[in-house]
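Just below is one structure, and these are the notes that go with it.
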2 protein chains.
Amino acid sequence: MEFRQLRYFVAVAEEGNIGRAAHRLNVSQPPISRQIQALEYELGAVLLTRTPKGVDLTEAGRVFYADAQKVLSQAKNAMDRTRAAERGELGRLDIAFFGSTVYQTVPLMLRAFHRAQSEIEVSLTRMGKAEQVNALRDGRIHIGFGRYYNQAAGLEIELISREPLYAAIPADLALAKQDEVPLSDLASLPVVLYPAGDRPSFADEIISLFREADVEFDVDSVATDSTAALALIASGTRCTIVPEAIAALRFPALEFVLIKNCSTLAPSSCVYLAEDQPPVLKEFLKVLRSVSVSASVDTENASRGGFKSIGA
Amino acid sequence: MEFRQLRYFVAVAEEGNIGRAAHRLNVSQPPISRQIQALEYELGAVLLTRTPKGVDLTEAGRVFYADAQKVLSQAKNAMDRTRAAERGELGRLDIAFFGSTVYQTVPLMLRAFHRAQSEIEVSLTRMGKAEQVNALRDGRIHIGFGRYYNQAAGLEIELISREPLYAAIPADLALAKQDEVPLSDLASLPVVLYPAGDRPSFADEIISLFREADVEFDVDSVATDSTAALALIASGTRCTIVPEAIAALRFPALEFVLIKNCSTLAPSSCVYLAEDQPPVLKEFLKVLRSVSVSASVDTENASRGGFKSIGA
DNA sequence: TTGGTTGATACCGAAGGAGTATGGCGATGG
DNA sequence: CCATCGCCATACTCCTTCGGTATCAACCAA
């Protein structure tokens, strides 16, 4: 069975006349007759009864007509959908994330992407940064989100936004009552670092932050992630530094206080393969950049941390 | 786009390797490569990425693979369904009926046919006998049911069953109390005939019945159909003759009494075109005959009117 | 470097599709 | 009652296109 035969038969069924069908299809009449005959032979069914005025559908012909229409329209659909997929408007985007990007950057991007390309399915997996690189190379994910990545051959690392830093302080301390706190005031509290492993990480950022400010500090412990770090702090007289994405959350018995005169901003980045980017990824990057741009503009205009104002 | 291309692509997608797909399809490798290329060109989409070990699907390729499978299976379905329609196992059967066949013969046949061919839709229309013949010739119906048909060229008239006759008598008369009544006893009551028009009809059967028994009778009136006739009888001191199909029903203030020593039986027949019978009709006739046969056998064994015992 | 994969390309022969011309059949009109 | 018209089927030819063989280029692995 061939598509040509389906098209011919559908035209004949609708015209009720082989000659008119031929005219409509811009071919001569004999090919139509022959193809219909071939179709009838293959199906072992009489599809048309020949009348003086043209042809009538038999019951089998009516059944086949209805189905042939469906097949043709589904085939057309398949082509349209495939072309859409080629343009990156259809398909699935596999995303990995690490750490606190899940609180702000990732949902913001997903939201914007869904608005732009609602037909694209998205999968989201938590994944360490080294694992993200492997997954990218294996084609298991299209893009990874995180804060600090090592440059590597074939990888693009793209900065999305930078957020101000906050100190996370037990709510019952006097320090927690202020609007801002200078880094030097935190020297009295042991510092909890996070995450463990997968360097460079936010832990390194915190260390260099204190070093640059020339503030003595005491690393009390290293937590696996920010949630664990905050749980540690709430339980005692320790502190840590968090990016705004986390400070925007609320934790019991904890206050987040903006660090005074702090030029360091925590980056949100993404990583993807430099070459062979599938269309879905290209579409996603377009959306990502348009959001980043409007976020930057906003940052310039807003008093501080404009990135947050893009969300929601 | 051609079915061949869909089949080739599906095989390649499943094998992940053009050579293996070629082997599975029993063709050599170059045709597969070329058809896939043609497909990609027509779709304007890259479906496969060529790797050292074979090929991988792109996102567009995955989309097309899923849709191609659907198209192929739907096409196969269309062929199967059409073949089924050719065998008379699919489609619609248009039936007309006249008079009291609707009470017993028609529902019995429909029931048997539905059991045998549950995929076939049935339409049922009340239609005068002359109109049935026109509708058959126009192809508006496949078969008509009724009791008395005139032979005509191109028509087959097939007897389905014969039913004993009953007298319909007002319940308050003494005649109504008996198990059987001889025709001569009915001479005291005026007779209501039915149906009006569309000869020959059951009215003629009643007339010849009395004549053959050499019983004088008085035609009181002619009713349009059996229901009207029975309503007339219930209202006074008239009677009529009904076939068993009607006697099996219950009417208020009426009794149906078997006519004694009556050799006349009321036929149930059907009419259809002798030629160009669509498969659905042939299937229906098969079922009809098998039911008729088992009904006849039953008639021989049962004490009286065995046909009824087939129903329910 | 060198086999052994892989898919792509060139060329050829064969199959099948479309076009033109024509035939047969039934309906219609004079 | 015959001529004509409109319909579909068939015969024949041309050309497109498909598949097969042979070969090439690229890549991995030993």
Side-chain angles (χ1 to χ4, degrees), chain A residues 1-43 45-58 60-61 64-65 68 72 137-139 153-154 275-276, chain B residues 1-43 45-58 60-61 64-65 72 137-139 153-154 273 275-276:
Chain A
M1 193 166 75
E2 298 300 328
F3 279 114
R4 181 183 16 258
Q5 297 171 332
L6 298 187
R7 283 192 299 272
Y8 287 4
F9 178 73
V10 166
V12 169
E14 286 170 357
E15 297 291 341
N17 180 307
I18 295 186
R20 277 203 301 276
H23 187 256
R24 176 171 133 186
L25 293 163
N26 289 316
V27 292
S28 62
Q29 169 258 319
I32 311 288
S33 290
R34 275 188 306 244
Q35 293 296 336
I36 301 272
Q37 283 177 51
L39 194 54
E40 288 183 316
Y41 178 79
E42 182 180 359
L43 292 171
V46 178
L47 300 176
L48 304 173
T49 55
R50 279 66 175 176
T51 72
K53 293 179 179 171
V55 294
D56 278 346
L57 291 185
T58 63
F64 189 71
Y65 171 63
L72 287 175
R137 296 227 158 95
D138 294 355
E275 302 195 342
D276 298 326
Chain B
M1 192 166 76
E2 299 301 328
F3 278 114
R4 178 179 25 250
Q5 296 171 332
L6 298 188
R7 282 192 299 271
Y8 286 6
F9 178 74
V10 166
V12 168
E14 287 170 357
E15 296 292 340
N17 180 307
I18 294 186
R20 277 203 301 277
H23 187 256
R24 174 170 133 185
L25 294 164
N26 290 316
V27 291
S28 61
Q29 168 260 318
I32 311 288
S33 290
R34 268 177 290 158
Q35 294 295 338
I36 301 273
Q37 282 177 49
L39 195 54
E40 287 183 315
Y41 178 79
E42 182 181 358
L43 292 171
V46 179
L47 301 176
L48 304 173
T49 56
R50 279 67 176 177
T51 71
K53 294 177 180 174
V55 294
D56 277 348
L57 290 185
T58 63
F64 189 71
Y65 171 64
L72 287 176
R137 296 230 158 93
D138 295 354
L273 292 183
E275 301 196 343
D276 299 326

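Here is the naming used below: chain letters follow the sequence lines, and residue numbers restart at 1 for every chain. All heavy atoms count here, side chains included; hydrogens, waters and symmetry mates do not.
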With sequence neighbours excluded, give me every ring-ring contact (aromatic ring centres under 6.0 Å, His included) pair touching residues 9-38 of chain A. A:F9-A:F64
First and last nucleotide of DNA chain C, 5' to 3', lying under 4.0 Å from heavy atoms of chain A: C:dG17 to C:dA27
Qualifying side-chain hydrogen bond (donor to acceptor under 3.5 Å, both in side chains) pairs with a residue from residues 31-40 of chain B, counting only residues at least two apart or across chains: B:Q5-B:Q35, B:Q29-B:S33, B:E40-B:R50
Residues which pass ring-ring contact (aromatic ring centres under 6.0 Å, His included) with A:F3, listed by chain and number, not counting sequence neighbours: B:F3
With rounding to the nearest 0.5 Å, note down the distance linking CD1 in A:I36 to CG in A:L48. 5.5 Å
If I take atom CD1 in residue B:I36 and atom P in nucleotide D:dC18, what distance separates them, rounded to the nearest angstrom? 13 Å
For residues 8-23 of chain B, which residue pairs qualify under salt bridge (charged side-chain N to carboxylate O under 4.0 Å, His left out), counting only residues two or more places apart or in two chains? B:E14-B:R24, B:E15-B:R20, B:E15-B:R24
Tell me, please, which residues at least two apart from B:Y8 pass ring-ring contact (aromatic ring centres under 6.0 Å, His included). none
Measure from CD on A:E2 to C1' on D:dT17 and round the result to the nearest Å. 12 Å
Working to the nearest 0.5 angstrom, can you tell me the gap between B:L57 CG and B:L47 CG? 8.0 Å
Provide, to the nearest angstrom, the distance between the CD atom belonging to A:E15 and the C1' atom belonging to D:dC7. 15 Å
Rounded to whole Å, CD of B:E42 lies from P of D:dT17 at a distance of 12 Å
Nearest-Å distance, CG (A:L39) to C1' (D:dA9)? 17 Å
Check the distance between D:dT17's P and B:Q5's CD and give it to me in whole angstrom. 12 Å
At what distance, to the nearest 0.5 angstrom, does CG of A:D276 lie from OG1 of B:T58? 11.5 Å
Within the 4.0 Å limit for protein heavy atoms, which parts of nucleotides 19-30 of chain D are touched? Write it as a string from 5' to 3', B for base, S for sugar-phosphate only, - for none. BBBB----SS--
